[in-house]
Protein chains: 2
Amino acid sequence: MPRMTSSERRDAIVEAALNVMVGKGMAATTVRDVAEQMGTSSGLIHHYFESMDDLLAAAFDRAAGRDLDATRAAVARGGGPVERLAVFFATYVRAEQDWAFQLWLDAWAEAARRPAVRETSQRHNVAWQQLLSETIRAGVNADVMVCGDPEAAAWRILSLLDGLALQAVAHRLLINRQAVISWSVSYAEAELGLSPGSLGCLPRR
Amino acid sequence: MPRMTSSERRDAIVEAALNVMVGKGMAATTVRDVAEQMGTSSGLIHHYFESMDDLLAAAFDRAAGRDLDATRAAVARGGGPVERLAVFFATYVRAEQDWAFQLWLDAWAEAARRPAVRETSQRHNVAWQQLLSETIRAGVNADVMVCGDPEAAAWRILSLLDGLALQAVAHRLLINRQAVISWSVSYAEAELGLSPGSLGCLPRR
DNA sequence: GGCGTTGTTGGACAGGCGCACAATAGCCTC
DNA sequence: GAGGCTATTGTGCGCCTGTCCAACAACGCC
């Protein structure tokens, strides 16, 4: 196979691992799968990653990082705090759709046995909470939201979002994505003292 | 090893499997582990269970079923609808503690690859939602709660509970059990038109 | 152009997995 | 007590896993 620079190859491996993970799930992803996906030998992978744990963590890190970066960028483009918060919800729910949330599910479960995966998922979880709590804090400082503890409120809102996504994945027919976003938006409006409907023109409950 | 009746042996296998699952996680549980835990040969297990999928599902079914039955019984002992709801929260959060929620996490992740586990976790999820929505409906019928759609409200409350438990397990230090119960209780009170504090004397936010 | 460095190969290794199956051991019935 | 039924054993098969390593090949440097 063609020679690559270190960073290119490392990138390609992570990308291949991510592809396999999306298709088969994190727990079922093997070194040989990733090698086959890349079209190289399996030994190559261990030249770039100390262990399978590290590789899975790196692949998950990339997927989760992309979603986080996309949401962070979209939020930053928003005008006022309220609009930024609305963008947060819209982008978050879109990011967590389909295979993405299954990946989070896998990561949480695997975290019990894979230290690197655990570290990665914890780091991203905290990053999401920080992004949301900073958005809330900006709204409070601008006197358009009311919240005594933005940190705690962010945990609560994220918990509801994740819990709803969980239910949506667990039985796809009973809860749909429309419900996830409208319910969580309604909750956030109540939590932050916003008037109903101010966080988006989506049909609400 | 001493001979048992069919049902006794089946029971013992499920119990042993559950013990292993609690200690090592569902994904890491093997036939040989379960056999060793029981003190018998591994071949015996396949006389009672067609596949590992069935065994894992049966073990999870027992664990989840116990929690559900305990909560259902505790709720039934409650006096009025409001007290029953308060009992639901107290018992639910206690049931989901420690290893129990990790088991749910494992089940959700494994569900993608193990049909029997998927069926079992879906069944229990729906059962929890029915228990909660029936409690809510009773409160609405008794004119002590206000809720236009008890089914949907039950999904929202359960989602928040699960999401909070998820965060609590993911980073044990940032959210504790006290927060899980007080935050979810506060949400339920707002959702159902109850006055703050009516769902329990626990310290709230 | 030779040479050292390094990306890359492909297979070996030890271990673990679910599962199957013939042999054994214990109980019940007649 | 004999015979049959079934719970139980122990082993072995085939496959798959992560990791390692000696050999090979391509690139940059002098």
Side-chain angles (χ1 to χ4, degrees), chain A residues 1-18 20-21 23-60 106-107 109-118 120, chain B residues 1-18 20-21 23-60 106 109-118:
Chain A
M1 279 296 118
R3 222 178 158 92
M4 293 187 183
T5 68
S6 278
S7 62
E8 280 175 343
R9 179 59 80 188
R10 213 187 143 85
D11 233 52
I13 293 175
V14 171
E15 200 61 32
L18 185 52
V20 176
M21 273 172 54
K24 311 180 59 171
M26 185 182 289
T29 299
T30 70
V31 188
R32 286 166 178 83
D33 286 335
V34 177
E36 189 181 3
Q37 168 85 22
M38 256 203 313
T40 67
S41 70
S42 68
L44 182 57
I45 288 167
H46 278 90
H47 257 243
Y48 291 89
F49 292 90
E50 277 212 1
S51 69
M52 198 60 194
D53 184 19
D54 289 329
L55 174 56
L56 293 177
F60 175 70
D106 287 353
E110 288 291 311
R113 283 168 290 281
R114 296 188 186 274
V117 171
R118 172 168 56 240
T120 305
Chain B
M1 280 299 119
R3 223 176 156 93
M4 293 187 185
T5 68
S6 278
S7 62
E8 279 174 344
R9 179 59 81 186
R10 215 185 141 88
D11 233 52
I13 293 175
V14 170
E15 200 61 32
L18 185 52
V20 177
M21 274 171 55
K24 311 180 59 171
M26 184 182 290
T29 299
T30 71
V31 189
R32 289 169 176 82
D33 286 335
V34 178
E36 190 181 0
Q37 168 85 23
M38 253 202 315
T40 66
S41 72
S42 69
L44 182 58
I45 289 165
H46 278 91
H47 255 243
Y48 290 90
F49 291 90
E50 277 212 1
S51 69
M52 199 60 194
D53 184 19
D54 289 329
L55 174 56
L56 293 177
F60 175 71
D106 287 352
E110 288 291 310
R113 285 168 289 282
R114 297 189 186 274
V117 172
R118 172 168 56 240

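Below, read A as the first sequence line, B as the second, and so on, with proteins coming before strands; counting in each chain starts at 1.
If you measure from atom CE of M4(A) to atom C1' of dT8(C), you get 12 Å, rounded to the nearest angstrom. Rounded to an integer number of Å, the gap from CZ of R113(A) to P of dT17(D) is 17 Å. In this structure, I45(B) places its CD1 atom 13 Å from C1' of dC17(C), rounding to the nearest Å. We find that CD of E36(A) is positioned 15 Å from C1' of dT17(D), with the value rounded to whole Å. Remark: C1' of dT8(D) and CZ of R9(B) are 8 Å apart, rounded to the nearest angstrom. One atom, NZ of K24(A), and another, P of dC16(D), lie 10 Å apart when rounded to the nearest Å. To the nearest angstrom, C1' of dC17(C) lies 14 Å from CG of L55(B). The distance from atom CD of E8(B) to atom C1' of dT8(D) is 15 Å, rounded to the nearest whole Å.
Taking only side-chain nitrogens and oxygens, H47(A) never comes nearer than 4.0 Å to OP1 or OP2 of dG7(C). For dT8(D), neither phosphate oxygen OP1 nor OP2 lies less than 4.0 angstrom from any side-chain nitrogen or oxygen of S41(B).
In this structure, of dT19(D), dT8(D), dT9(D), it is dT19(D) that holds the atom nearest to the side chain of S42(A). Checked against dC17(C), dT9(D), dT8(D), the side chain of T40(B) finds its nearest nucleotide in dT9(D). In this structure, the nucleotide among dT9(C), dG7(C), dC19(C) sitting nearest to the side chain of S6(A) is dG7(C).
Residue Y48(A) is the one, among Y48(A) and H46(B), whose nearest nucleotide of DNA chain C lies closer to the 5' end (criterion: closest heavy atom). Checking R32(A) against L44(A), the closest nucleotide of DNA chain C that is more toward the 5' end is the one next to L44(A).
Proximity of R118(B) to E110(B): side-chain heavy atoms (C-beta onward) are nowhere separated by under 4.5 Å. No side-chain heavy atom of K24(A) sits under 4.5 Å from any side-chain heavy atom of T30(A).
Taken from CG in D11(A) to CD in E15(A), the straight-line distance is 7.0 Å, to the nearest 0.5 Å.
Nucleic acid contact for T5(A): none, since no nucleic acid atom lies under 4.0 Å from a heavy atom of the residue.
The backbone N or O of T5(B) sits less than 3.5 Å from a side-chain atom of E8(B), completing a donor-acceptor pair.
Both tests pass for R10(A) against the ring of F49(A): distance under 6.0 Å to the centre and angle within 45° of the axis.
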